Amino acid sequence: MKMRKRPNILLTGTPGVGKTTLGKELAQQTGLSYINIGDLAQEGQLYDGYDEEYQCPILDEDRVVDELDEKMVEGGVIVDYHGCDLFPERWFHIVFVLRTDNTQLYTRLESRGYTGKKLQDNVQCEIFQTIYEEAIEAYSEEIVHQLSSNTPEDLEHNLEQIVQWTEQWMKDHN
């Protein structure tokens with residue numbers, strides 16, 4: 001029996017915009033696999049040093065890509081990460097950049113224990129649309145979409161839209 005083709009989806013955006021909440025719920029509703037790059041890196045110790053300024057490990061991007069490549073070629077994967085330009089363009093059928101209001105993002109990050117430069121830099125990243133611009137440079141513009149992620153209603157709407165897109169993609173490709 002031939003394996004059904006399933007799309008790969010990238011959920012990206014500044015930390016605190018709701019990628020993980022959306023990704024886990026999306027995986028549950030679509031049956032796609034969910035991979036949080038932070039968790040994957042932690043489990044496999046896919047690090048290349050430690051950033052003292054931001055107080056966090058530095059991701060070994062090459063090892064992450066090597067770790068994921070086989071799974072991505074099979075398809076049916078939702079990837080959740082705050083960066084997007086490290087992944088090969090061929091991996092994704094669609095890219096969603098989640099966006100959140102700055103004051104709300106500030107509050108979310110503060111509640112996660114972000115302070116000082118780390119907090120300021122992440123809020124500025126959102127203000128200047130840094131992740132969206134990275135996505136537009138790294139992927140074909142037609143597959144990059146921005147989604148507002150401020151309220152529980154936004155989450156429901158985004159979920160509904162992406163589930164519909166996934167169902168349509170599968171109909172069109174199988």
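Remember, predicted model here, so these are calculated numbers, not experimental data.
- Within 6.0 Å of CD on E70 lie no more than 12 heavy atoms contributed by other residues, nucleotides or ligands.
- For the pair K24 (side chain) and K19 (backbone), a donor-acceptor distance under 3.5 Å is absent.
- Note on residues 25-51: no pairs pass salt bridge (charged side-chain N to carboxylate O under 4.0 Å, His left out), not counting sequence neighbours.
- Put simply, the side chain of R63 never gets that close to the backbone of A41: no donor and acceptor are under 3.5 Å apart.
- Residue pairs meeting the salt bridge (charged side-chain N to carboxylate O under 4.0 Å, His left out) criterion with at least one partner in residues 105-116, sequence neighbours excluded, are absent.
- The NE2 atom of H145 sits 5.5 Å away from the CZ atom of F96 when rounded to the nearest 0.5 Å.
- Within the 4.5 Å cutoff, no side-chain heavy atoms of I37 are placed close to those of D80.
- Considering all non-hydrogen atoms of both residues, G83 and T12 come closest at O-OG1, 3.5 Å.
- Residues M72 and W169 do not share a hydrophobic cluster, defined by chaining ILVMFWY side chains whose heavy atoms lie under 4.5 Å apart.
- Nearest heavy-atom pair, A27 versus Y34, reported as atom, atom and distance to 0.1 Å: CB-CB, 3.6 Å.
- Taking the ring-ring contact (aromatic ring centres under 6.0 Å, His included) definition, one finds that H82 meets it with nothing, sequence neighbours left out.
- No donor-acceptor pair closer than 3.5 Å links the side chain of N8 to the backbone N or O of H93.
- Taking a cutoff of 4.0 Å between a charged side-chain nitrogen and a carboxylate oxygen, D154 and R99 do not qualify as a salt bridge.
- With contacts defined as side-chain heavy-atom distances shorter than 4.5 Å, the pair E134/V97 does not qualify.
- A 4.5 Å side-chain heavy-atom check between Y47 and Q42 finds at least one atom pair inside the cut-off.
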Is there a side chain to side chain donor-acceptor pair (under 3.5 Å) between Y106 and N122? Walk through the geometry before answering.
CA-CA 9 Å; Y106 189 95; N122 277 292; over 6 Å; no
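- Contact annotation: the side chain of P88 approaches that of V65 to within less than 4.5 Å [non-hydrogen atoms, C-beta and beyond].
- Judged by distance alone, the side chain of Q104 and the main-chain N or O of N150 form a donor-acceptor pair under 3.5 Å.
- Side chain of N158 to main chain of S148: a donor-acceptor pair is present (N/O by atom type, distance under 3.5 Å, no hydrogens or angles).
- No side-chain heavy atom of I58 sits under 4.5 Å from any side-chain heavy atom of Y50.
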